[in-house]
*Asks:* 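Input: one structure, supplied below.
Keep in mind that what you see is a predicted model, and the values were worked out from it rather than measured.
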2 protein chains.
Amino acid sequence: MPTDSRLPRVLHVLLHLDQIGDPVTSEQIGQMLATNPALVRRTMAGLREAGFVASTKGHGGGWQLLKPLEEITLADVYAALGSPHLFAVGQSSDNPACLLEQAANAATLQALEAARDVFQSELARMTVAELVKPHAETIKAFQSNRDR
Amino acid sequence: MPTDSRLPRVLHVLLHLDQIGDPVTSEQIGQMLATNPALVRRTMAGLREAGFVASTKGHGGGWQLLKPLEEITLADVYAALGSPHLFAVGQSSDNPACLLEQAANAATLQALEAARDVFQSELARMTVAELVKPHAETIKAFQSNRDR
DNA sequence: TCTTTTGTAACTTTAATTGTCACGAAACTT
DNA sequence: AAGTTTCGTGACAATTAAAGTTACAAAAGA
């Protein structure tokens, strides 16, 4: 299956929405993400349900930020996407009869759960607003260059 | 794609090989894993290259442990499988031009790398021999029941 | 020589996301 | 009121890597 790229994609979109302010159409977002409007709507639906963005129809409509990026953690975004399945690796089978297989599964699961916990807590440590901080200088340089 | 279950599967097999001692054919292992011999051979190939097991052809042949399970960590097994791709989640695209997309990708990657590091270190903390310890009583009870 | 067993190549199946198309519904414009 | 824009959603094909399957050559024991 194609790799699930919804998390970085919607983060990217949220940053643009914040920068633009005005409503942005799914068509425009589709160009940012190099994909088509229908996929954008599907992917953004969770963010709307979570109350992070609003979508309006008709002329001048599109997607808009409802909540400041300072108040949204990456974990919130991941949850809004429905907490997509994180791992390509999993157990051999559920409820195996063989005790040795149970032990092998349990050990695998333990490592996966530890990894998932760290993934989630890493996401929780950062708001979407903070996301650009490590890149702030590069972005500022680019913008002053552009505005010149 | 079907979930990658090679790690728990080969752990399961190593435990059986240790318990049995004699060579076990791919056919027999296939029955343990509810799959077919060709897949067993493909999956076990990495363990052979790593020197953990040996495979012998002809009558009485099959797969045998070469190294004590006390000397093989789960991380060693994972590496012997070729360190399969761990995540179903990934970045939006490699080398995006957009700086905001770069920032979104970097934040995602940071969380994924932290998770991968924990996964690997969890695997490194345990040998295959230790794997059964949490289940030792259940297994002992089953065996004495069986031998009675 | 015959049988067992591995090694490997080639191909199909599987699963979940991405990508695409279509069309109804809502909201703005004139 | 009519027309245009835009979202919402359903349906289906494309993608990708592992699992599953088949076939056969090669090695080794009987």
Side-chain angles (χ1 to χ4, degrees), chain A residues 1-10 12-13 17 22-49 53-64 66 78 81-94 108, chain B residues 1-10 12-13 17 22-49 53-64 66 78 81-94 108:
Chain A
M1 117 189 71
T3 301
D4 183 344
S5 57
R6 283 173 287 178
L7 178 60
R9 277 180 157 185
V10 299
H12 176 197
V13 170
L17 291 184
D22 297 323
V24 182
T25 66
S26 302
E27 177 68 39
Q28 293 172 308
I29 295 174
Q31 283 167 10
M32 297 173 192
L33 301 183
T35 185
N36 58 72
L39 181 58
V40 171
R41 295 186 195 111
R42 233 197 281 153
T43 307
M44 298 287 290
L47 300 191
R48 182 182 53 230
E49 283 153 29
V53 298
S55 57
T56 51
K57 296 178 178 176
H59 280 275
W63 299 86
Q64 238 176 331
L66 275 190
Y78 184 66
L81 290 174
S83 300
H85 191 57
L86 181 56
F87 296 111
V89 166
Q91 294 172 273
S92 62
S93 63
D94 297 335
T108 304
Chain B
M1 116 190 70
T3 302
D4 183 345
S5 58
R6 284 173 287 179
L7 177 60
R9 278 182 156 183
V10 299
H12 177 197
V13 170
L17 290 184
D22 298 322
V24 182
T25 67
S26 303
E27 177 68 38
Q28 293 172 308
I29 295 174
Q31 282 166 12
M32 297 172 191
L33 300 182
T35 185
N36 59 71
L39 180 59
V40 171
R41 294 185 195 112
R42 231 197 282 155
T43 307
M44 298 287 290
L47 300 191
R48 181 183 54 232
E49 283 153 29
V53 297
S55 56
T56 51
K57 297 178 178 177
H59 278 97
W63 299 85
Q64 240 176 331
L66 275 191
Y78 184 67
L81 290 174
S83 300
H85 191 59
L86 181 56
F87 297 110
V89 166
Q91 293 172 276
S92 62
S93 63
D94 297 335
T108 305

*Asks:* Determine the minimum heavy-atom distance between A:Val24 and A:Leu17, stating which atoms define it.
*Replies:* CG2-CD2, 3.6 Å

*Asks:* If you look only at distance, which donor and acceptor atoms sit under 3.5 Å apart when one is on a side chain in residues 82-92 of chain B and the other is two or more places apart or in another chain?
*Replies:*
| unit_1 | atom_1 | unit_2 | atom_2 | d |
| --- | --- | --- | --- | --- |
| B:His85 | NE2 | B:Phe87 | O | 3.1 |
| B:Ser92 | OG | B:Glu101 | OE2 | 2.7 |
| B:Ser92 | OG | B:Asn105 | OD1 | 3.2 |
| B:Ser92 | OG | B:Asn105 | ND2 | 3.3 |

*Asks:* Between atom CG in B:Leu81 and atom P in D:dA17, what is the gap in whole Å?
*Replies:* 18 Å

*Asks:* Rounded to the Å, how far apart are A:Leu86 CG and C:dA16 C1'?
*Replies:* 15 Å

*Asks:* Please check the phosphate of C:dG19 (OP1 and OP2 only) for any side-chain N or O of A:Thr35 closer than 4.0 Å.
*Replies:* yes

*Asks:* Counting C-beta onward and ignoring hydrogens, is there a side-chain heavy-atom pair between B:Glu27 and B:Gln31 closer than 4.5 Å?
*Replies:* yes

*Asks:* In whole angstrom, what separates B:Met44's CE from D:dA19's C1'?
*Replies:* 17 Å

*Asks:* Just so I know, are the side chains of A:Gln64 and A:Val53 near enough to count as touching, which here means a heavy-atom distance under 4.5 Å?
*Replies:* no

*Asks:* Please figure out whether B:Pro2 or A:Arg6 has its closest DNA chain C nucleotide nearer the 5' end.
*Replies:* B:Pro2

*Asks:* Quick check on C:dG19: is either OP1 or OP2 less than 4.0 Å from any side-chain nitrogen or oxygen of A:Asn36?
*Replies:* no

*Asks:* Rounded to the nearest Å, what distance is computed from the CG atom of residue B:Leu39 to the P atom of nucleotide C:dT12?
*Replies:* 18 Å

*Asks:* Using whole Å, what does the distance between atom C1' of nucleotide D:dC7 and atom CD of A:Gln28 come to?
*Replies:* 14 Å

*Asks:* Got a second to check how far B:Leu33's CG is from B:Gln28's CD, nearest 0.5 Å?
*Replies:* 12.0 Å

*Asks:* Whole Å only: how far is the CD atom of B:Gln91 from the P atom of C:dT18?
*Replies:* 14 Å

*Asks:* When rounded to the nearest 0.5 angstrom, what is the spacing between CZ in A:Arg9 and CG in A:Leu39?
*Replies:* 5.5 Å

*Asks:* Rounded to the nearest Å, what distance is computed from the NE2 atom of residue A:His85 to the P atom of nucleotide C:dA15?
*Replies:* 13 Å

*Asks:* Could you check whether A:Asp4 gets within reach of a base, just the sugar-phosphate, or nothing at all, counting any heavy atom under 4.0 Å?
*Replies:* sugar-phosphate

*Asks:* Shorter than 3.5 Å, N or O on both sides, protein versus nucleotides 3-9 of chain C: list them out with atom names.
*Replies:*
| unit_1 | atom_1 | unit_2 | atom_2 | d |
| --- | --- | --- | --- | --- |
| C:dT4 | O4' | B:His59 | NE2 | 3.2 |
| C:dT6 | OP1 | B:Ser26 | N | 2.9 |
| C:dT6 | OP1 | B:Ser26 | OG | 3.3 |
| C:dT6 | OP2 | B:Ser26 | N | 3.4 |
| C:dT6 | OP2 | B:Ser26 | OG | 3.3 |
| C:dT6 | OP2 | B:Arg41 | NH2 | 3.4 |
| C:dT6 | O3' | B:Ser55 | OG | 3.3 |
| C:dG7 | OP1 | B:Arg48 | NH1 | 2.4 |
| C:dG7 | OP1 | B:Ser55 | OG | 2.7 |
| C:dG7 | OP2 | B:Arg48 | NH1 | 2.5 |

*Asks:* To the nearest 0.5 Å, how far apart are CD1 in B:Ile29 and CH2 in B:Trp63?
*Replies:* 7.0 Å

